[in-house]
Visitor: 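The structure's right below; bear with me while I get my questions together.
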Amino acid sequence: MITLLYFARLREAFGMASERIVLSADTRTLEGVRTMLAARGGAWAHELTAGRAFRAAVNQSIASGDTPIKDGDEVAFFPPVTGG
Amino acid sequence: MITLLYFARLREAFGMASERIVLSADTRTLEGVRTMLAARGGAWAHELTAGRAFRAAVNQSIASGDTPIKDGDEVAFFPPVTGG
Amino acid sequence: MAVRVQAEDFDVSAEIATLRKDNPRIGAIASFIGVVRDLNEGDSVAEMTLEHYPGMTEKSVEEIIMQARGSWQVMDALVIHRIGTLKPLDQIVLVVVTSAHRGDAFAACEFIMDFLKTRAPFWKKEQTGKGARWVDARAADDAAAERWQKQGE
Amino acid sequence: MAVRVQAEDFDVSAEIATLRKDNPRIGAIASFIGVVRDLNEGDSVAEMTLEHYPGMTEKSVEEIIMQARGSWQVMDALVIHRIGTLKPLDQIVLVVVTSAHRGDAFAACEFIMDFLKTRAPFWKKEQTGKGARWVDARAADDAAAERWQKQGE
């Protein structure tokens, strides 16, 4: 199981703030998680493609496609930040 | 007549904060005023020589040796500033 | 070092007094306050809502402050970032840095602020005359943050 | 734009509120407070006395602010400099700059502060364990001011 969190525009687009999913045996990186989510189609396919401006964090640190994912991780997807 | 003002260390060294003097006919620049004051000897000669760190203003603007001086001007001598 | 994410407003004088802790080695206090403007990208803004990523926000801002401490002589630093609904003229963010000298205080304060704009997980949704919209990250902000990375290379 | 030379202390929150005048175009407020340290050049400082050149002080600081307005997008600026006798922990100087954007606010605030240290006619006399002494101008301060002139060339 991993925890998935969505923020701001992505939270609205997906219609949910978080979910818990079981990691398939061949999903070992952040890119694997993204591919799996994009395969849901609809807003998931639209928002989580390479051309879109989104960011991801693994266990609350900014992560990239090759960041390893393991059971128990907290994985977040969100738009570029606009604080301050 | 011109007004002379002295600040900080120079005020203490000269034992006065201000004075009014009559400009001699051949004193037409700030350098001329400095030469005239340095000719008084003692602290005046000591403080107002080229090697010492002092600054001057004419009519409340930082001035240099060739700044013209005319009757009615306010001329100030002081050490480098240390505000803030 | 303190990082606070809160809905409540703040008072810069009171925060500075707390941060100084009567430390007589402090000679310089640089601070920055961000406030809500009534105009963004040419549209009038009635109000905005700030959302954040609890946990990651505090962690990332603490990391930013540690990085500032590594680059400049910093006595202490405070970051307050508000969340929730804010209106024009409301204060959004406060950064205060104390130091012995002003150059370090200014540099560290601006560094922290630039990273808050580009790295800390906050998002703004504006209510404008044309409806609600999420604010896009500005290229100028990314450039400001990148400047620091180049200097550090 | 306001320049004040005064013996009285100041409150940064109150001064910022006055300077903002509820202008909703302001997005950024950079401020700097200089305070008296208990140590200078390795000697403990019990108190200091600040002397200035009335008239020239206000004139030169106003000129500095005008110069900052020419270089950056500045909404308004405030400078307060205290004179008289001050003790460690006392506030000496306040510079506040309001702007639409943070880069301009930071740059103008630091610019004004650097010039206050090097050009405005203030002098400090410290009372230390070794007796009273006039503070010498620091080469580092001259270098900080010179940096701006080079950028302007």
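Sequence lines set the chain letters: A, B, ... in the order given, protein chains first and strands last, and positions in each chain run from 1.
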Visitor: For the residue pair T82(B) and V135(D), what are the closest heavy atoms and their distance?
Guide: CG2-O, 3.2 Å
Visitor: Just verifying a value: how many Å separate E74(B) CD and M56(D) CE, rounded to the nearest 0.5 Å?
Guide: 10.0 Å
Visitor: Measure distances from K125(D) to the heavy atoms of chain B and classify the residue's part below 4.5 Å as side chain, backbone, both or neither.
Guide: side chain
Visitor: Could you tell me which portion of L116(D) (side chain, backbone, both or neither) has an atom closer than 4.5 angstrom to a non-hydrogen atom of chain B?
Guide: backbone
Visitor: Quick check on A57(B) against chain D: is it the side chain, the backbone, both or neither that has a heavy atom closer than 4.5 Å?
Guide: side chain
Visitor: Taking all atoms of both residues into account, what is the closest heavy-atom pair of F7(B) and H52(D), and its distance?
Guide: CE2-O, 3.4 Å
Visitor: Between chain B and each of F32(D), Y53(D), F122(D), count heavy-atom pairs under 4.5 Å; write down the option with the most.
Guide: Y53(D)
Visitor: Kindly give the heavy-atom pair with the smallest separation between G84(B) and K117(D), and that separation in Å.
Guide: O-NZ, 3.1 Å
Visitor: Got more than 12 heavy atoms from elsewhere within 6.0 Å of CE, M66(D)?
Guide: no
Visitor: If you apply the rule side-chain contact (heavy atoms from CB on, under 4.5 Å), what do you find for Q60(B) with S60(D), and how did you get there?
Guide: CA-CA 8 Å; Q60(B) 307 189 350; S60(D) 64; over 6 Å; no
Visitor: Looking at every heavy atom in both W123(D) and P79(B), which two are closest together, and how far apart are they?
Guide: NE1-O, 2.8 Å
Visitor: Distance check, rounded to the nearest 0.5 Å: R119(D) atom CZ versus R55(B) atom CZ?
Guide: 10.0 Å
